[in-house]
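First comes the structure, then the notes that go with it.
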Amino acid sequence: MRALSRRDQEGAGVRVPPADMTTVGPPAELVKGVAAEHPLPHLPFSALWDAILLDGGQKDRLLAQAVLSFTLRPTVDPSALPLHGLILLTGPPGTGKTSLARGLASRTAEALGARGGFHYLEVEPHALANAGLGRSQQEVRRLLGEVIAERAARGPLVVLLDEVETLAADRAKLSLEANPVDVHRATDAVLAGLDQLAARYPNLLFVATSNFAAAIDSAFLSRADLVAMIPLPGPQTAAAILKDAVAALACAYPAAAGVIEDPDFARAAAACHGLDGRQIRKVVVAACALDKRTALDPGRLTAASLARAAELARRAPGVVVPGGAR
Ligand SMILES: Nc1ncnc2c1ncn2[C@@H]1O[C@H](COP(=O)(O)OP(=O)(O)OP(=O)(O)O)[C@@H](O)[C@H]1O
Ligand SMILES: [Mg+2]
């Protein structure tokens, strides 16, 4: 059997450290608790930023906040302007938070290009949370106090804390019967670690994501310089995401491009309102899977089948349909 290439692994959703990683040696040597690291800007991350479509000027606002963090923190007294270098993205699943966080890291490095030397590090939260009884606090301390501090000392650094509720669980809501004291202490260690890092490294920015803002410790929330709620796409954005997904299909199957001009496309787009961005992109896949002939030749996709797939997705459990109907 042929060994899986990097491309195969990535396509299969296997997490592999980026090929251009230059500072940490071969992929197998990623430090425990670190999911990925590499220099910035990183083209695939910049592409993620472009692929996420948000209503209004929310992306501009995020980028401005990230850039400001690197502009102000090295120059202004933190007791007067308490910036922690922490941006939190919250919102329902599938709204693009992780993609935005990665894209933001790359675009920030591009915007501050003259400084150069930007680096990206992604924390693997579950590796820390699962470290074992009595160990998560130690693991958090090691990761923040040693690994991240050492990388931040080398130059500008953006750290992704994905699904941060696992790291900074709300201590007020943790019952001691159900949660080992270690979980409480891990949150304490995260807060203490963030404070120390913020004081020592003004060129360090954390971007955290969560779809359970209510489960995050309030002291962590209070440290965030910006808490951005990433909502479900509005009607126009939902239509634009659907269009973008069809255009991606049409790159490989040009005959599918005509779907966008079909009068039924507006019906399909309207049916996507209420779905998250991930679900909207999956509508295109689901529409191709409605019959075997289209599965064999996705160029046969029709706007009517897109509308049908979107209707089916809206009826799926857990989908919030505008107006409350299902
Ligand atoms: N607003 C959006 N515009 C375009 N595509 C989107 C959008 N939101 C999500 N997507 C698509 O859904 C995929 C999943 O997004 P991502 O993993 O970043 O979401 P998430 O908010 O982090 O989800 P979760 O909360 O489940 O971790 C993206 O790769 C993207 O293709
Ligand atoms: Mg995510």
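Computed from a predicted structure; not experimentally measured. Counting starts at 1 for both ligands and their atoms, in listed order.
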Next item on the list: Return the minimal non-hydrogen interatomic distance between V207 and L104, and the atom names on each side.
Entry: CG2-CD2, 4.2 Å
Next item on the list: Would you name the heavy atoms of S69 and P74 that are closest together and state the gap between them?
Entry: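 Where S69 meets P74 most closely, the heavy atoms are O-CD, 4.0 Å.
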In the protein, which heavy atom is nearest to [atom], and how far is it?
atom	value
atom 8 (N) of ligand 1	T95 C, 3.0 Å
atom 19 (O) of ligand 1	G96 N, 3.1 Å
atom 9 (C) of ligand 1	G94 O, 3.1 Å
atom 17 (O) of ligand 1	R278 NH2, 3.4 Å
atom 20 (P) of ligand 1	K97 N, 3.5 Å

Distance under 4.0 Å to a non-hydrogen atom of [X]: what atoms of ligand 1 satisfy this?
X	value
S99	15 (O), 16 (P), 18 (O), 28 (C), 29 (O)
I241	1 (N), 2 (C), 3 (N), 4 (C)
I52	1 (N), 2 (C), 3 (N), 4 (C), 5 (N), 6 (C), 7 (C), 10 (N), 30 (C)
N211	24 (P), 25 (O), 26 (O)

Would you check whether [X] has a nitrogen or oxygen atom less than 3.5 angstrom from a nitrogen or oxygen atom of ligand 1?
X	value
P93	no
L53	yes
P233	no

Check: Going by heavy atoms in the side chains, are Y201 and R151 under 4.5 Å from each other?
Finding: no
Item checked: Heavy-atom side-chain contact between L100 and K59 under 4.5 Å -> yes
Notebook entry, point to check: Considering only heavy atoms, does A51 approach ligand 1 within less than 4.0 Å through its side chain, its backbone, both, or neither?
Noted result: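 The answer is the backbone of A51.
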Margin query: Heavy-atom distances under 4.0 Å decide this one: backbone, side chain, both or neither, for T98 against ligand 1?
Written below: both
Check: If only atom types and distance count, is the side chain of R314 paired as donor or acceptor with the main-chain N or O of H273 below 3.5 Å?
Finding: yes
Next item on the list: Would you kindly say whether T95 and D276 are connected by a side-chain donor-acceptor distance under 3.5 Å?
Entry: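 Not at all, the side chains of T95 and D276 share no donor-acceptor pair under 3.5 Å.
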Note to self: Rounded to the nearest 0.5 Å, what separates atom CZ in R154 from atom CG in N203?
What the structure shows: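 Answer rounded to 0.5 Å: 15.0 Å.
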Checklist line | The one among R281, R102, Q279 that brings a heavy atom closest to atom 5 (N) of ligand 1 | finding: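 That would be R281.
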Margin query: If you count every heavy atom of other residues, nucleotides or ligands that lies below 6.0 Å from L43 atom CG, does the total exceed 12?
Written below: no
Item checked: Ring centres under 6.0 angstrom apart (F220, F206) ->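 Not close enough - the centres of the two rings lie 6.0 Å or further apart.
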Note to self: Before we go on, tell me: are the rings of H38 and F45 under 6.0 Å apart, centre to centre?
What the structure shows: yes
Check: Within T98, is some N, O or S atom less than 2.8 Å away from the Mg ion (ligand 2)?
Finding: yes
